[in-house]
Amino acid sequence: MDILIPFQIALSMLASGDVELMRIIGLSLTVSLTAVLASLVIGLPMGALLATYRFPGRTALIVVSNTFLGMPPVVIGLVIYLLISRSGPLGFMGILYTPAAMMLAQTVLVLPLSIALSRQAFESLNGEYAPLFQSLGLGRFDRVRALVFEARVALLTIGLACFGRAISEVGAVMIVGGNIRHSTRVMTTSIALATSMGELAFAMALGLVLLLVALTINIVSQLMRHSFRNLGHDV
Amino acid sequence: MTSERPAPDIIMTARDLTLRRDGVTLLDSVSAKIRHGSITLLLGHNGAGKTLLLNCLHGLIGCDAGTITGPPLARQKMVFQKPIITRRTTGDHLRFLCPKLDNATIHEWLRRAEMDRRANAPARMLSGGEQQKLALIGALAARPDILFLDEPTAHLDFAATRFVETMVRQAHEDGMTIVMTSHNRTQAERLGEDVILLDSGRIVETAPADRFFSTPSHPLAKQYLAHL
């Protein structure tokens, strides 16, 4: 029955809007949303290009991108750490142990997912629309733009999938962020720390929020698909 | 494809077009001339190469050999047998096909197709006939020099077929050149001015439509008409 006590405390902390808890949740959302946005801005056009054009190095790019899909987050964290540490090639930026470093790590983490999923979506749509685009004489930029618009329903789902991966990640942000209180502590790193310190209620509260985020992502995804299908834009 | 025009009355010329895929010759030294302002029908059995030739003339498929001279792609339009419809509203789809059209003109074209009440409906939710009408007005609204139609009335009911034929006739009267494929003999006789009969990727007979349908000269043409 002991497990229920931290659960009750967690609920009351959430209900009372515990300042520390809210700060951590806020930073987690800010870091992950920024990383997802950056990965989509870079990944979607890359996915569209890989899906629609044959160019030298295309296969190599796909192989590299797919390899990064299976890369453990701690390895990505380590690589980013080496790059941005004071003696690293990007050390001059001075972003180690800041939210910016965590955003960078999460961006690198979800970018391959954004590229792979969008390439898949674009390949299917390009097969359907290629004759029309060719007939209309659309240039490369206009084709990619049109494909992005036509794939908007799938791309929203891709964005949500990327967000799910980013918000639940712990290893990379721990390495490059340092889990510094009031500065770089996010939900996942806080859970790891609180659990190791025996602060189960705090860890549980954050765990509940993460669960809630996962649930919300799924509900929003389903609602959007349902809504678009009703509008005939997802048929 | 070049923008060169070989003769005043000829808008497009194909010379010795040959297309091979996987060792199979799909188009075999096809040469044809499309008269300016005419309705030319590409006829032939399934697999004769009608759609392939149409795609080659429009520049969607590159041939292994041969040349095509005619208007630039920007002055050509094509309506596919199965319309390719975007995931937009009917009005937005038309706007995508003809970005230069203003709202009033878009509304007017939809009204002509009796689809103005469906302007805000998702284009992919339209019936097959409505989608084909949408594709046709999208092509006509751009006022191309030459319009390619790949079996534009296949699977359409009588009313939709009549609409398509009326629009084609009006475009022809306005001076547009039309090249279309069809399996419908009565439609071919109603619309066609010139006929190109294909068989196994080769041109069997080229003739004015009235002469082709009344007195075909090639045995394969006679055989084809007997089965049409």
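In what follows, chains carry the letters A, B, and so on, assigned in the order in which the sequence lines appear, proteins first and then strands, with residues in each chain numbered from 1.
Note that CZ of B:Phe96 and CG of A:Leu132 are 5.5 Å apart. Values are rounded to the nearest 0.5 Å. Between atom CZ of residue B:Arg88 and atom CZ of residue A:Phe149 there is a gap of 5.0 Å, rounded to the nearest 0.5 Å.
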Are A:Leu125 and B:Arg87 close enough, and set up right, to give a side-chain contact (heavy atoms from CB on, under 4.5 Å), and what steps lead you there?
CA-CA 11 Å; A:Leu125 282 174; B:Arg87 289 157 169 82; 3.2 Å; yes
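In A:Phe55, the CZ atom is crowded: over 12 heavy atoms of neighbouring residues, nucleotides or ligands sit closer than 6.0 Å. Heavy atoms from other residues, nucleotides or ligands lying under 6.0 Å from CZ of B:Arg162 number 12 at most. Open room surrounds CD on A:Gln120; 12 or fewer heavy atoms of other groups in view lie less than 6.0 Å from it. Applying the 6.0 Å contact sphere to CZ of B:Arg20 captures no more than 12 heavy atoms from other residues, nucleotides or ligands. Open room surrounds CZ on B:Arg143; 12 or fewer heavy atoms of other groups in view lie less than 6.0 Å from it. Summarising the local packing, CZ of A:Phe133 is surrounded by more than 12 heavy atoms from other residues, nucleotides or ligands at distances under 6.0 Å. Around the CD atom of B:Glu114, the shell of radius 6.0 Å holds no more than 12 heavy atoms that belong to other residues, nucleotides or ligands.
Residues B:Ile84 and A:Pro131 share a closest heavy-atom pair of CD1-CB, 3.9 Å.
Within the 4.5 angstrom heavy-atom criterion, no atom of A:Ala130 approaches chain B. Of the atoms belonging to B:Leu97, heavy atoms from both backbone and side chain fall under 4.5 Å from chain A.
Using a cutoff of 4.0 Å between basic side-chain nitrogens and carboxylate oxygens, B:Arg124 and A:Glu128 are scored as salt-bridged.
Side-chain atoms of A:Gln134 and B:Leu73, non-hydrogen and from C-beta on, never get closer than 4.5 Å to each other. Between A:Tyr129 and B:Thr86, the closest side-chain pair of non-hydrogen atoms falls below 4.5 Å.
Results of the side-chain hydrogen bond (donor to acceptor under 3.5 Å, both in side chains) test with A:Ser135 over B:His58, B:Lys77, B:Gln76 single out B:His58 as the only residue that passes.
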